[in-house]
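Here's the structure, in structure tokens; my notes come after.
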Amino acid sequence: QQLGSVAPVGWAPAELRIWQAVGGLDKRAATAADPELSALLQEGVAAGLLNRQEAVSMLPVLALRVPRGGCCLDVCAAPGSKTMQLLEAVARGAGGGGGGLALAPL
């Protein structure tokens, strides 16, 4: 399945719904080439429904394989995209209302 200039990332588990720009476009070029996609991304980010991140930046959290309801201490960097990805991993399967813990220093 493909939407405009984005498509699912082939190496990521489908249930994570990770998509990326296709045709060698980076995220800026993809949104400039597709105004409808640009508007959709802006709305999604503003509403807190999605997060924009380079696909390669998702690998550490995927490799860590934090279990649902698990706990993780993120001491590598300021809270950001990977921290949010960790929070999604530990909350998955817990009704989205918690059930896990990800700590990150400020």
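When reading the values below, keep in mind they use all heavy atoms of this one structure, side chains included, and skip hydrogens, waters and symmetry mates.
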- From Asp74 atom CG to Thr83 atom OG1, the distance as rounded to the nearest 0.5 Å: 4.0 Å
- Which distance, rounded to the nearest 0.5 Å, do you find between the CG of Leu87 and the SG of Cys72? 9.5 Å
- Item | Nearest heavy-atom neighbours spanning Pro60 and Lys82 | CG-CE, 4.0 Å
- Query: Do Leu62 and Gln85 come close enough that some side-chain heavy atom pair is under 4.5 Å?
  - Reply: yes
- Query: Mind checking whether Met58 and Ile18 have side chains closer than 4.5 Å, heavy atoms only?
  - Reply: yes
- Beyond-backbone contact of Leu64 with Val61, side-chain heavy atoms, under 4.5 angstrom: no
